[in-house]
Amino acid sequence: MSYFKNVSQVKYEGPNSNNPFAFKYYNPEEQINGQSMEEFMRFAVSYWHTFTGEGADPFGAGTAVRPYDHLKGMDLAKARVEASFEFFEKLDVPFFCFHDFDVAPEADNLSETFKNLDEIVAMIKDYMKTSKTKLLWNTANMFTHPRWTFGAATAPNADVFAYAAAKVKKGLEIGKELGSENYVFWGGREGYETLLNTDMKLELDNLARFFHMAKDYAKEIGFDAQFLIEPKPKEPTKHQYDFDVATGLAFLHQYGLQDVFKFNIEANHATLAGHTFEHELHLARINGMLGSVDANQGDTLLGWDTDEFPTDLYSTTLAMYEIIKNNGLGTGGLNFDAKVRRGSFDTDDLFHAHIAGMDSFAIGTKVAKRLLEDKVLEDFIADRYKSYTEGIGKDIVEGNTDFHKLSAHALEMGTITNNKSGRQENLRAILNKYLLEATQG
Ligand code: XUL
Ligand code: CO
């Protein structure tokens, strides 16, 4: 049976195509950085938004019209697996991602939950035998059920900590079973509402203990996927412990976990933290810890996590600039942690949304590649910092000076007259020119 009858195979048709079910810029075979776009960009579909999400919001019920709406429980879970592999194949997407809870219903009783999971994971594994779509990452949902009200590994109740450990243990086993390339830890409810009732030191120590045990268990079962931590500053808790990349870096170094994790960076989480997407990617990259990306975008008019499909070409360009400079994402990829709007309730919208996102990132890739080839920003930046390549600047960088020498230098030189313009407006205009040109051939 077919779940998506309106759509056959989504193919690359080029910028002149008007076919809403075709790629205009994402050409899986086109070469980028010595690889095909498909290999370099490693797009993934997120199971929760695309197959489990129903379009509910805090004010109203789900709106999504899906071909499996009439089903419930395990029958629904199975239909979603069937539908998902049809979707992956039609979109020709190389990866997908899921939380345990997305694929199989969670029961109150953990052994029942695991039984459900085993059945669905076996079914997924079967589909994966004949599908080209692989698992980019899996994770455990430790935020939906009421037991997680005060967190999972940072909960004040040790039984909840143990329950969380059991879920992640199972998640690591599932990851190994399905050949996942990464395993994600998003903090969920790891944070706090008020310090009036919180032992922050114990919660952070416990979170680190949890991560060390997860690492040990993955090693024990021979699951060598990359561990990814996904920062987010707020929502659902008021203050999340993995606030942003800088906070995550400090935490990982404080607890000796810096070699165990890389970052999974989500655009909308970056903007909620008061940063740009590229800021977070850049900071992770210069620390050698850019692991994967949750590709979406927020809304400048709204202060919450809207998880929109990414269509902002400035953002995709500056993101791909970082990713190309990082020489790709290694075992990571570009996962659409994005949902169609509540008013986009048809199954066709699921295709349109992914096509829009993939094309937007493909445009970003083409523009970023040209910017880098022409060294537009790199040359400008190198010139801006030239004073560190000679004289006193070189001494600073090479560690050949101290406050005595620097002070003597400052006293000698008189007024500073050699500051140069940062040329921000001109650089933005150049970026516009590249954006317009790179998509025209
Ligand atoms: C929530 C979020 C999660 C993680 C995986 O904001 O981004 O879906 O990506 O748990
Ligand atoms: Co995410």
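Fair warning: this is a prediction, and the values are worked out from it, not measured in the lab. Every number for a ligand or one of its atoms is a count from 1 in the order of the listing.
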**Between OG on residue Ser111 and CG on residue Asp118, distance to nearest 0.5 Å** = 11.0 Å

**Asked** If you measure from CE on Met142 to CZ on Phe101, what distance do you get to the nearest 0.5 Å?
**Response** 13.5 Å

**Asked** Quick check, are the ring centers of His354 and Phe87 under 6.0 angstrom apart?
**Response** yes

**Asked** Does Phe261 have its ring centroid less than 6.0 Å away from the ring centroid of Phe263?
**Response** no

**Prompt:** Using a cut-off of 2.8 Å, how many protein N, O or S atoms lie below it in distance from the Co ion (ligand 2)?
**Reply:** 4

**Prompt:** Out of Arg66, Arg80, Lys339, which residue meets the salt bridge (charged side-chain N to carboxylate O under 4.0 Å, His left out) rule with Glu54?
**Reply:** Arg80

**Positive for ring-ring contact (aromatic ring centres under 6.0 Å, His included) with Phe96, one of Phe336, Phe85, Trp48, Trp137** = Phe85

**Item:** Phe161, Tyr163, Tyr241 screened by ring-ring contact (aromatic ring centres under 6.0 Å, His included) with Phe210, the one that passes
**Value:** Phe161

**Asked** Using a 4.0 angstrom limit on heavy atoms, which residues are close to ligand 1?
**Response** Trp48, His99, Trp137, Trp186, Glu230, Lys232, Glu266, His269, Asp294, Asp305, Asp337

**Message:** I want to check something: taking the side chain as every heavy atom from C-beta on, are Leu350 and Val340 in contact at a cut-off of under 4.5 Å?
**Reply:** yes

**Prompt:** Would you say Glu89 has more than 12 foreign heavy atoms packed within less than 6.0 Å of its CD?
**Reply:** no

